[in-house]
Undergrad: 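The structure follows.
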Amino acid sequence: MPLTLAVRDRKRSPEPPVAISRAASAVAVAALVALPGCDGIHITFLDPQGPVAAQQRTHFLIILGMMAIIVLPVLVLTPWLAFRYRYGKHNAYKPDWNFSWKWEVLLWGTPAVIVVVLGVFLWRNTIALDPYKPLLTSGPPIRVQAIGYDWKWLFIYPDLGIATVDELAFPVGGQLALDLTSQTVMQAFFVPALGSQIYAMSGMVTHLHLAADAPGRFRGRNTQYNGMDFAQQRFEAVAMRADDFDAWVQKVREAGPLDSRARAILAAQNTAQEAAQNLGVTMPLRFGSVPPDMFVQTSQPVAAAKP
Amino acid sequence: MTLHQFLDTAFGRLGWDALPFWEIVRHPHDGKAWLNGLIASGAASLVVFGALAVVVMLTRRRWWRSLWSGWLTSVDHKKIGIMYVILALVMLARGLVEATFMRAHQATALNDTGFLTPEHFGEFFTTHGTIMIFFVAMPFLTGLINYVMPLQIGARDVSFPVLNSISLGLTAAGAALVMVSLVLMPFSTGGWSGYPPYTERSFNPGAGPDYWIWAVTLSSLGSTLTGINFSVTVYKERAPGMHFFRMPLFCWTALCTSILMIFAMPPLTVATALLALDRYADFHFFTNDLGGNMMNYANLFWLFGHPEVYILILPAFGVYSEVFTTFSGKTLYGYRALVLATMCIAVLSFGVWMHHFFTMGQSAELNAVFGISTMLIGIPTGVKIFDWMLTMYRGQVRLTVPMIYALGFIMLFVIGGTTGIVLANPSVDYQVHNTLFLVAHFHNMLIPGTLFGMLAGYTMWFPKAFGFRLDEIWGRRAALGWIAGFVLAFFPLYGLGLLGMPRRLHAYVEPAYLPFTVVALVGTLLIVAAFACLCVQLWVSVRDRDHLSVRAGDPWDGRTLEWATSAPPPEYNFPVVPTVESKDPFTHEKLDGKALQSPDDWQDIEMPRNAALGLVLGLVGFLGCFGLVWYMWWLVVLAALAGLGAVIARSFTRNTTKTISADEVRAQYMEWLENVRALPLTVRSQESSRANNGRAMPVMKEQQ
Ligand code: HEM
């Protein structure tokens, strides 16, 4: 079971070695049945589109497989015991039997062994998939600074000097290196098909690394409830081929600047669409230039009361 | 003072816009405003007319006096227990209706539609979560422990009977505050966990979060006091010979839960109090600015929140232990192991709180440590499951209603345990945190775990409390309905969570989600039907109570002390405090022919007198908190003074006990005993039939 992140090529991604429990495959099947209905946007890690999500799915299936060792006997034996020892005359009745070392060792031992095994997986995968760490095997980082607003995300590309709202493009060869903060209440940034979620909090910065295996579109959203239009706070992450990405950057550069008026509109409670309307531009909402210190400013601890 | 100023002072910030139909007045041409206004007004009128109907009925039947002296001012642990359970069942009805609305909404919310406004949906999940935890599960288990534990340890009452009624008063006051928020809106939209900064004044200046803060604060104070009361009772009030290791397992779980309450509730009280300081007095504990930090809230809240889930589950484990041993006619397998496992769980539960926010950005190593400590809890829990299964092994298993709940519990709970282990792995939690997978997981623990346990206990001890059994057929319908409904309502949510659907979502655009939400709605309707079965069951059983009578007190061939006394038991529980010589003392008495003896040394019994303090403090707590919510400062001051006055006045009362004479006790007991001795013994095949008169032939004798 390779626990490194050397799984960029999906074909090489490790298949779960343990017998996958029925439950697991049922879930997977249910998910896959549901997938075609998603107009090309990938929404789940059960159909992983990046190395992190792929490893998370593998880990998930391993856990289900291991737990099946406990679950299946319980599911089978419980009704059997109730039926076999149902009320009536039977010789097996032993009203005072209440202890056996043999059973006791088995009862404590089995879960303990399973927990030890799962604990090893847990430790190694938690360290390996630490969202703060760059993905060892994916390409060069594309730095993105994400700011959570009510109810949209602003993505600043500091090295390119551009910014977008609810649109997160990146080249397939590279990996997204995200810094996150919130301009408002706590939020959680999540692109399930690619990998982990992480909170974004005011006055603090968190980090996250994600990569995609192939060009594609992935559903992203805020998962931490933050008020009326929480449900609308979704975005699309798009992995593009390098030349498409360059072309996309050129297009974004043509958009207007993220000036103080735009900042005020973003800071108000609205969705991306409403913000674009208020700015008098069409969706997608993009900015050709950004004040260089915008993210640092936003993520500073706030010294004075916000309005 | 002008009229305007006067009104401002009198009503604080309470205005017309607090009325549930105000949205309709404001947007008379908006269909959604109409629909939501009507739903809200319907709920509000249910509260108002429901309360009115109760008042009218009490008046017409002239029940006020007996309500006052028999119930409201009673400090009898049994009556208090029953009142807790009634509170829980009433609130459960409301919680269920809210759940149904949420499910119906999500089943129609594809492409950002759905009939509820986002505000309304937010209030629904917040009130539902708050009610189900603080005003259903907590009062239910507190009620059961209250009723059963003192009887099981052979005590006459809890250690602090008046404190007991104060706890009830405070809890009921919290529940009343949540009910009033239906009439004078709004409630919070911040979820049952009330995370700041969202619940801070800068983002939510209205009354909603304040309702939540004070309702939860009242309930947490009540629970802290309950914890102290129960644990002291277990330590101090056990009958002679009732060593710790002879206590029924339910008492052990009651003890562990009480200890958890003592240590876990104060962090919650502190968290809500600090949040209140932020909101009322411009402090900055959890604000975004001036050094506030919401991460402190997250830690405080879950320092309460995680032990809380074990507070909720342990008493249910206790009930299941009693159910399995009673209805298998066999001693509990691995009693000591079960005690040890319970203790392990109680201790470990304080070391795992961080798994509620693996995604907050702390180091991977820290996450891994908390992940592993979380998985460790799986070991004692797994052991318990197997111990219950081995209790059935070579037993005499009867599929009565409590047993149906218990079997459903075991099979569903291992599935919930599996998803719990999934969530304990930080790297996987990064995928399913904040999604419906999590919602499915905790309902999987709370419904088959806690709620089924409470319903099993309710069915098992109802005949003890009222002298007649609950109708078996309707009980089975309800139990099977709950099980099937649960599966349909919550297994789809696992799927939705894996498909990336977040919790608390009022609209979505992914067509893949639709079929799951529809199935979940069907399941929820089935649960509602099961709840209706419970109501019918109660009604049918009261109607047929003469046929279902088990006055002899032992309908299930019980093994522990509570079954040795009459049903319902006298106020003083036991005519003579029993002396215990073994585990399962009543079974041994029955087998040795020592049951139903008449003791020879009769003594006067001293019992606590009624006290109105609990009622007064509950009322005062409610009014004071209501004043705080709406900034009616005069009401707050008045309530505080009244509360203080009541406590002082009570401390001058010297005459706090009454004496029941030995003769009276003897007369009562002998009359009962003669009646019982005249009854034929019932065998277990008659358990669910009308032949069950509450005088049981031990199943062990039957088999000889
Ligand atoms: C009996 C049937 C029940 C149904 C159909 C039901 C349904 C729901 C639904 C639809 C939600 C909102 C999920 C979301 O966030 O999208 C929810 C949340 C919740 N439920 Fe239940 N529930 C039930 C019983 C219970 C019980 C018995 C408890 C506790 C003892 C409980 C505790 C909670 C909690 C704590 C939340 C979270 C609220 C929040 O997000 O802050 N529920 N439930």
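Since the structure is predicted, the reported quantities are computational estimates derived from the model, not experimental observations. Order of the sequence lines fixes the chain letters, A, B, ..., with proteins taken first and strands second; residue numbering starts at 1 for each chain.
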Undergrad: Check each atom of A/L118 against the heavy atoms of chain B and say whether the ones under 4.5 Å are side chain, backbone, both or neither.
TA: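 Both backbone and side chain.
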Undergrad: With rounding to the nearest 0.5 Å, note down the distance linking CD in A/E104 to CG in B/L390.
TA: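 Reported to 0.5 Å precision, the distance equals 9.0 Å.
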Undergrad: Can you confirm whether B/F386 sits close enough to A/V74 that some side-chain heavy atom of one is under 4.5 Å from a side-chain heavy atom of the other?
TA: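 A side-chain contact under 4.5 Å exists here.
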Undergrad: So, does B/Y198 use its side chain to make a donor-acceptor pair with the main chain of A/M186 at under 3.5 Å?
TA: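 Answer holds: no.
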Undergrad: Could you tell me how the ring of A/F60 sits relative to the ring of B/F437: parallel (under 30°), tilted (30 to 60°) or perpendicular (over 60°)?
TA: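 Because their plane-to-plane angle is over 60°, the rings of A/F60 and B/F437 count as perpendicular.
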Undergrad: Calculate, to the nearest 0.5 Å, the distance between atoms OG1 and CG belonging to A/T223 and B/L436 respectively.
TA: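 A/T223 atom OG1 to B/L436 atom CG measures 11.0 Å (nearest 0.5 Å).
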Undergrad: Contact part of B/E200 toward chain A, heavy-atom cut-off under 4.5 Å: side chain, backbone, both or neither?
TA: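 Contact with chain A is absent: no heavy atom of B/E200 under 4.5 Å.
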Undergrad: Using non-hydrogen atoms and a 4.5 Å limit, figure out which bit of B/Y513 sits close to chain A: side chain, backbone, both or neither.
TA: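 Contact with chain A is through the side chain of B/Y513 alone.
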Undergrad: At a heavy-atom separation under 4.5 Å, does B/M375 approach chain A through its side chain, its backbone, both, or neither?
TA: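 Both backbone and side chain.
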Undergrad: Checking heavy atoms, do the side chain of A/L107, its backbone, both or neither come under 4.5 Å from chain B?
TA: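 It is both, since atoms from each part get that close.
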Undergrad: Tell me whether A/Y132 at atom OH has more than 12 heavy atoms from other residues, nucleotides or ligands lying less than 6.0 Å away.
TA: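 Enclosed: over 12 neighbouring heavy atoms sit under 6.0 Å from OH of A/Y132.
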Undergrad: Do B/V699 and A/Y87 come close enough that some side-chain heavy atom pair is under 4.5 Å?
TA: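 Result yes, sub-4.5 Å side-chain heavy-atom pair found.
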Undergrad: For B/N293, is it the side chain, the backbone, both or neither that has a heavy atom under 4.5 Å from a heavy atom of chain A?
TA: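 The side chain, not the backbone.
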Undergrad: On a heavy-atom basis, which atom in A/W123 and which in B/A368 lie closest, and how many Å separate them?
TA: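 Residues A/W123 and B/A368, closest heavy atoms: CE3-CB, 3.3 Å.
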Undergrad: Is there side-chain contact between B/M392 and A/T78, with at least one heavy-atom pair below 4.5 Å?
TA: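 Yes, close enough: below the 4.5 Å cut-off.
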Undergrad: Give, as side chain, backbone, both or neither, the part of B/F327 having an atom under 4.5 angstrom from any heavy atom of chain A.
TA: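 B/F327 has no heavy atom closer than 4.5 Å to chain A.
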Undergrad: With no hydrogens and no angle check, is any side-chain donor or acceptor of B/T359 less than 3.5 Å from a backbone partner on A/Y199?
TA: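 No.
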Undergrad: How far apart are the closest heavy atoms of B/A512 and A/I43, and which atoms are they?
TA: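 Heavy atoms only, the tightest pair is CB-CD1, 4.5 Å.
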Undergrad: So, the side chain of B/N288 versus the backbone of A/T184: is there a donor-acceptor pair under 3.5 Å, distance only?
TA: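 Yes, because the side chain of B/N288 sits within donor-acceptor range (under 3.5 Å) of the backbone of A/T184.
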Undergrad: Just so I know, are the side chains of A/Q55 and B/S427 near enough to count as touching, which here means a heavy-atom distance under 4.5 Å?
TA: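 No, side chains not in contact.
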Undergrad: Taking side chain as everything from C-beta outward and backbone as N, CA, C, O, which of these in A/Q232 sits under 4.5 Å from a heavy atom of chain B? Side chain, backbone, both or neither.
TA: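 For A/Q232, the side chain is the part near chain B, not the backbone.
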Undergrad: Checking A/A112 against chain B: side chain, backbone, both or neither under 4.5 Å from a heavy atom?
TA: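 For A/A112, the contact with chain B is made by backbone and side chain together.
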Undergrad: Which atoms of A/W80 come close to chain B, meaning under 4.5 Å heavy atom to heavy atom: side chain ones, backbone ones, both, or neither?
TA: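 Contact with chain B is absent: no heavy atom of A/W80 under 4.5 Å.
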Undergrad: Look up atom OH in B/Y430 and atom CG in A/L208, then write down how far apart they are to the nearest 0.5 Å.
TA: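 Atom-to-atom, B/Y430:OH and A/L208:CG are 9.0 Å apart.
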Undergrad: Under 4.5 Å between any side-chain heavy atoms of A/P79 and B/M411, yes or no?
TA: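 Of all side-chain heavy-atom pairs linking B/M411 with A/P79, at least one is under 4.5 Å.
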Undergrad: Roughly how far, to the nearest 0.5 Å, is CG of A/D130 from CG of B/N367?
TA: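 It is 8.0 Å, given to the nearest 0.5 Å.
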Undergrad: Please report the shortest heavy-atom distance between B/T189 and A/Y225, naming the atom on each side.
TA: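 Closest approach of B/T189 to A/Y225: O-CE2, 3.2 Å.
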Undergrad: Check each atom of B/I385 against the heavy atoms of chain A and say whether the ones under 4.5 Å are side chain, backbone, both or neither.
TA: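 Contact with chain A involves the side chain of B/I385 alone.
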Undergrad: Would you find a donor on one side and an acceptor on the other, under 3.5 Å apart, between the side chain of A/H90 and the backbone of B/G395?
TA: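 Here the side-chain-to-backbone pair exists.
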Undergrad: Any heavy-atom pair between the side chains of B/L399 and A/R86 that's under 4.5 Å?
TA: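 No; the side chains remain at least 4.5 Å from each other.
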Undergrad: Please examine the side chains of B/P426 and A/L122, heavy atoms only from C-beta on, and report whether any two atoms are closer than 4.5 Å.
TA: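 With C-beta onward as the side chain, the pair touches.
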Undergrad: What are the two closest heavy atoms between B/A507 and A/A231, and how far apart are they?
TA: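 Minimum heavy-atom contact is O-CB, 3.4 Å.
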Undergrad: A/D96 versus B/M700: any side-chain heavy-atom pair under 4.5 Å?
TA: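 Sidechains of B/M700 and A/D96: in contact.
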Undergrad: Which atoms of B/A424 come close to chain A, meaning under 4.5 Å heavy atom to heavy atom: side chain ones, backbone ones, both, or neither?
TA: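 Just its backbone gets close to chain A.
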Undergrad: Please look at A/R234 and chain B and tell me whether the side chain, the backbone, both or neither of the residue comes under 4.5 angstrom of a heavy atom of that chain.
TA: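 Contact with chain B: side chain only.
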Undergrad: B/G382, B/G122, B/G329, B/G334: which one forms the most heavy-atom pairs within less than 4.5 Å of chain A?
TA: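 The residue among B/G382, B/G122, B/G329, B/G334 with the greatest pair count is B/G329.
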Undergrad: At a heavy-atom separation under 4.5 Å, does B/M403 approach chain A through its side chain, its backbone, both, or neither?
TA: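 Contact with chain A involves no heavy atom of B/M403 at all.
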Undergrad: Can you tell me how far apart CG (A/L129) and CD (B/Q431) are? Round to the nearest 0.5 Å.
TA: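 Between A/L129 CG and B/Q431 CD, I get 10.0 Å after rounding to 0.5 Å.
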Undergrad: What verdict does the ring pair (Phe, Tyr, Trp, His ring centres under 6.0 Å) test give for B/Y393 and A/W97, after you've listed the backbone C-alpha separation in whole Å, the side-chain angles of each residue and the deciding distance to 0.1 Å?
TA: CA-CA 9 Å; B/Y393 175 66; A/W97 181 75; 5.4 Å; yes
Undergrad: Check for a donor-acceptor pair, side chain of B/E119 on one end and backbone N or O of A/M228 on the other, with a separation under 3.5 Å.
TA: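 Not confirmed, B/E119 side chain does not pair with A/M228 backbone.
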Undergrad: Main chain of A/G88, side chain of B/Q396: is a donor-acceptor contact present, judged purely on distance under 3.5 Å?
TA: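 Looks like yes, one N/O pair under 3.5 Å.
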Undergrad: How many angstroms lie between CG in A/N98 and NZ in B/K330, if you round to the nearest 0.5 Å?
TA: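 One gets 8.0 Å once the value is rounded to the nearest 0.5 Å.
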